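Down below is the structure, laid out as structure tokens.
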Number of protein chains: 2
Amino acid sequence: MFTIDSRSRVPIYEQLMKKLQELIIRDVMKEDEQLPSVRALAQQLTINPNTIQKAYRELEREGYIYSIPGKGSFVSPVKNKIDKERMEMLRKELERIVGEILYLGVPKDEVIKLIETMEEPERGESGND
Amino acid sequence: MFTIDSRSRVPIYEQLMKKLQELIIRDVMKEDEQLPSVRALAQQLTINPNTIQKAYRELEREGYIYSIPGKGSFVSPVKNKIDKERMEMLRKELERIVGEILYLGVPKDEVIKLIETMEEPERGESGND
DNA sequence: TAACTGTATTATTTATATTAATACAGTTAG
DNA sequence: CTAACTGTATTAATATAAATAATACAGTTA
């Protein structure tokens, strides 16, 4: 299904997450499609099942997939939930950053101006290590 | 000069940095005023001189102080430089966060609206661990 | 029941961050 | 130039945290 670089400084489970997120976001894996089982994937990639499980657990926590004990793990149908959670996180980060900037005495208008100059990004970019 | 909590989970050198930043930002320590020497402060606080030095090194990197080998360490006169560097860092973070948010399809106006609702913070807050 | 599925707990290993020991080099007063 | 101060660089030891692995448990299905 994909390849893993065990020599990379990037943790295996993160590499896994990234690739799976990619597949899900790009709709290569459709809603409710079953993911390979933790053991199957572990065997295929020759890594410990727990590492797969960690990736799956994180992906579930972030709303990308859902798992049913005994049945399997599947692509989450509600993409909006992903956005919801992610947005919540990003909003907090945004507030923190902007808070710090404002603390430095930069007027709010300046911050807004900065954002206004930013371009709406193109979709579909990967960027691996 | 100040106290350190060696039982805290916050590293000693960070505690030190925070307190010194506080003194500098609040102008308790004036421009070009000499800081206690690494050894003097180390002795006073009963901690290793290298820990002090690490704090000083970081503070210098961030523009809060400057050090002259053989002479001592002093409060940096150009406060703007602090803001400059810090702003540069924050700006990058801001762009990253906003970039991610825009990537989720949130329109720019929404982001701006979010910022507009934020309050200009009060000055002078510490917040220790 | 057998062979699959995910999960939880704990231990082990590895990486990173923090602190310390020590030696070096510049500055200045006498 | 020496003595006593200053900051700095290198390296080692220690502490903390992160990543991975071993193992046992529990649900599902044919």
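Keep in mind it's a predicted model, so treat the numbers as computed, not measured. So that the names make sense, note that chain A is the first sequence line, chain B the second, and so on, each numbered from 1.
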Checklist entry - Could you state the CZ-P distance from Arg39(A) to dA8(C), rounded to the nearest angstrom? => result 13 Å

Item to check | Atom-pair distance (CD on Gln53(B); P on dT18(C)), nearest Å | outcome: 15 Å

Checklist entry - Can you find a donor-acceptor N/O pair under 3.5 angstrom joining the side chain of Asn50(B) to the base of dA21(C)? => result yes

Checklist entry - To the nearest angstrom, how far is Lys71(B) atom NZ from dT28(C) atom C1'? => result 9 Å

Checklist entry - Can you check the Tyr56(A) OH to dA8(C) C1' distance for me, whole Å? => result 18 Å

Checklist entry - Mind checking whether Met17(A) and Glu62(A) have side chains closer than 4.5 Å, heavy atoms only? => result yes

Checklist entry - Is Ile4(A) reachable from Leu23(A) through a run of I, L, V, M, F, W or Y residues, each pair having side-chain heavy atoms under 4.5 Å apart? => result yes

Next on the checklist: Side chain of Asn48(A), heavy atoms from C-beta onward: which of dA22(D), dT28(D), dG7(D) has the nearest atom to it?
Outcome noted: dA22(D)

Item to check | Opposite nucleotide pairing with dA21(C), Watson-Crick or G-U, both atom distances under 3.5 Å | outcome: dT10(D)

Checklist entry - Less than 4.5 Å apart, any side-chain heavy atom of Tyr66(B) and any of Glu60(B)? => result yes

Checklist entry - In terms of the nearest nucleotide of DNA chain C, which residue is placed more toward the 5' end: Arg57(A) or Gly72(A)? => result Gly72(A)

Checklist entry - Could you state the CG-P distance from Leu59(B) to dG7(D), rounded to the nearest angstrom? => result 13 Å

Checklist entry - Nearest of dT7(C), dG7(D), dT18(C) to any side-chain atom of Pro69(A)? => result dT7(C)

Checklist entry - What is the distance from CZ of Arg9(A) to C1' of dT14(C), rounded to the nearest Å? => result 11 Å

Checklist entry - Roughly how far apart are Glu14(B) CD and Thr51(B) OG1, rounded to 0.5 Å? => result 12.5 Å

